[in-house]
> 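Handing you a structure now.
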Amino acid sequence: DPAFAPWQPNGSGNGGIIDMVLSSLYFEGDSAVTLLGAVPFEWLIQNKHTSLKNLYTLTGKVNMEISAINNSTCTLKLSSENPLPEKIRIPEYLRVKVESSAVKRLRNGYFMLKSNTKEVSFKLSMDK
């Protein structure tokens, strides 16, 4: 069955699917980390709670927790034992409220973190 081909005993197909899913949540680019770049916001609301724990990244292991507050708003928390990446991008179709003093809003969905920041929090909602 072609629909199940990636899950058959095929390391490259299976690994490719897992890599694609992880990159849709946390994508490490040249100059910034993009969060939730390919995840429909409705999925986050419907899931109620979405998390990645101990995700191996270029800056060390990172935890990401997304929790729905209501039908239009979620909290997004990033944490690590090591400093988080200094530049984060969240897609511009989301309305973002920064809840951490260590974060400075830049332009076009980019945010700069102070050096050695190990935890940040955002409130996300759909831009209507």
> Shortest non-hydrogen contact from Val39 to Tyr93?
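Of all heavy-atom pairs spanning Val39 and Tyr93, the closest is O-OH, 3.3 Å.
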> Strictly distance-based, threshold 3.5 Å: is any side-chain N or O of Ser24 a donor or acceptor partner for the main-chain N or O of Val21?
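The answer is yes, because a donor-acceptor pair under 3.5 Å joins these two groups.
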> Indicate the atoms forming the closest heavy-atom contact of Ser121 with Ser100, along with that distance.
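The pair with the smallest heavy-atom distance is N-OG, 2.7 Å.
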> Could you give all pairs that pass the salt bridge (charged side-chain N to carboxylate O under 4.0 Å, His left out) test and reach residues 105-119, with sequence neighbours left out?
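Applying salt bridge (charged side-chain N to carboxylate O under 4.0 Å, His left out) to every pair that reaches into residues 105-119, excluding sequence neighbours, yields nothing.
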> Taking Leu124 as the fixed residue, which of Leu35, Thr73, Leu36 is the one that meets the side chain to side chain contact (heavy atoms under 4.5 Å, CB included) rule?
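Testing Leu124 for a side chain to side chain contact (heavy atoms under 4.5 Å, CB included) against Leu35, Thr73, Leu36 leaves exactly one candidate, Leu36.
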> Of all the heavy-atom pairs spanning Ala68 and Ile45, show the shortest one and how long it is.
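Heavy atoms of Ala68 and Ile45 come nearest at CB-O, 4.0 Å.
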> Would you compute the distance between atom CZ of Phe111 and atom NZ of Lys104 and round it to the nearest 0.5 angstrom?
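Reported value, rounded in 0.5 Å steps: 12.5 Å.
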> Once salt bridge (charged side-chain N to carboxylate O under 4.0 Å, His left out) is applied, what residue pairs with a partner in residues 35-54 remain, sequence neighbours excluded?
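Residue pairs passing salt bridge (charged side-chain N to carboxylate O under 4.0 Å, His left out), neighbours aside: Lys53-Glu65.
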> Among the clusters formed by ILVMFWY side chains lying less than 4.5 Å apart, do Leu22 and Ile90 turn up in the same one?
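Yes: a chain of side-chain contacts under 4.5 Å links Leu22 to Ile90.
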> Do Ile66 and Met126 share a hydrophobic cluster (ILVMFWY, side-chain heavy atoms under 4.5 Å, transitive)?
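Cluster IDs for Ile66 and Met126 match.
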> Is there a path from Met64 to Ile69 through hydrophobic residues (I, L, V, M, F, W, Y) whose side chains come within less than 4.5 Å of each other?
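As far as the 4.5 Å side-chain criterion goes, Ile69 and Met64 are not connected within one cluster.
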> To the nearest 0.5 angstrom, please state how far the CZ atom of Phe122 sits from the CG atom of Leu76.
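So the CZ of Phe122 and the CG of Leu76 are separated by 6.5 Å.
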> Who passes salt bridge (Lys or Arg N to Asp or Glu O under 4.0 Å) against Lys123, sequence neighbours left out?
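Partners of Lys123 under the salt bridge (Lys or Arg N to Asp or Glu O under 4.0 Å) test: Glu99.
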> Of all residues at least two apart in sequence or in a different chain, which pass the side chain to side chain donor-acceptor pair (under 3.5 Å) check with Thr75?
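Not a single residue meets the side chain to side chain donor-acceptor pair (under 3.5 Å) criterion with Thr75.
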> Considering residues at least two apart in sequence or located in another chain, which fulfil the side chain to side chain donor-acceptor pair (under 3.5 Å) criterion with Asn47?
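So Asn47 forms a side chain to side chain donor-acceptor pair (under 3.5 Å) with Thr50.
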> Mind jotting down which residue pairs meet the ring-ring contact (aromatic ring centres under 6.0 Å, His included) criterion with at least one end in residues 36-92? Sequence neighbours excluded, please.
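Found none.
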> Assess, by modelled atom type and distance only, whether the side chains of Ser80 and Asn82 contain a donor and an acceptor separated by less than 3.5 Å.
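No, because no side-chain N or O of Ser80 sits under 3.5 Å from a partner of the opposite role on Asn82.
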> Would you call Leu52 and Asn63 a side-chain contact if the rule is heavy atoms closer than 4.5 Å?
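In short, these two side chains do not touch, never coming nearer than 4.5 Å.
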> Same cluster or not: are Leu106 and Phe27 linked, directly or through other Ile, Leu, Val, Met, Phe, Trp or Tyr residues, by side-chain heavy atoms under 4.5 angstrom apart?
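Not linked; separate clusters.
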> Ignoring hydrogens and geometry, is there a side-chain-to-backbone donor-acceptor pair from Asn54 to Lys61 under 3.5 Å?
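No, Asn54 side chain to Lys61 backbone: no donor-acceptor pair under 3.5 Å.
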> Can you pull the salt bridge (charged side-chain N to carboxylate O under 4.0 Å, His left out) pairs that have at least one residue in residues 73-88, sequence neighbours excluded?
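Matches after skipping sequence neighbours: none remain.
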> Listed by chain and number, what are the side-chain contact (heavy atoms from CB on, under 4.5 Å) partners of Asn108, not counting sequence neighbours?
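side-chain contact (heavy atoms from CB on, under 4.5 Å) list for Asn108, sorted by chain: Glu92, Tyr110.
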> Going by side-chain contact (heavy atoms from CB on, under 4.5 Å), name the residues that satisfy it together with Asn116, two or more places apart in sequence or in a different chain.
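Expected list: Pro83.
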> Kindly say whether Ser125 contributes a backbone atom to a donor-acceptor pair with the side chain of Arg95 at under 3.5 angstrom?
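Such a contact is absent between Arg95 side chain and Ser125 backbone.
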> Determine, using the 4.5 Å side-chain heavy-atom cutoff (strictly less than), whether Leu84 and Val98 are members of one ILVMFWY cluster.
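Hydrophobic grouping puts Leu84 with Val98.
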> Compare all side-chain heavy atoms of Ile88 with those of Leu78 and state whether any distance is below 4.5 angstrom.
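Ile88 reaches Leu78 side chain to side chain.
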> List the residues meeting side chain to side chain donor-acceptor pair (under 3.5 Å) with Thr117, not counting sequence neighbours, and say none if there are none.
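In terms of side chain to side chain donor-acceptor pair (under 3.5 Å), with neighbours along the sequence ignored, Thr117 is linked to no residue.
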> Looking only at non-hydrogen atoms, find the nearest pair between Leu44 and Cys74 and report the distance.
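Minimum heavy-atom separation between Leu44 and Cys74: CB-SG, 4.1 Å.
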> For Glu28, give me all partners under side-chain contact (heavy atoms from CB on, under 4.5 Å), at least two apart in sequence or on another chain.
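With sequence neighbours excluded, Glu28 shows a side-chain contact (heavy atoms from CB on, under 4.5 Å) to Tyr26, Val33, Thr57, Leu58, given in chain and number order.
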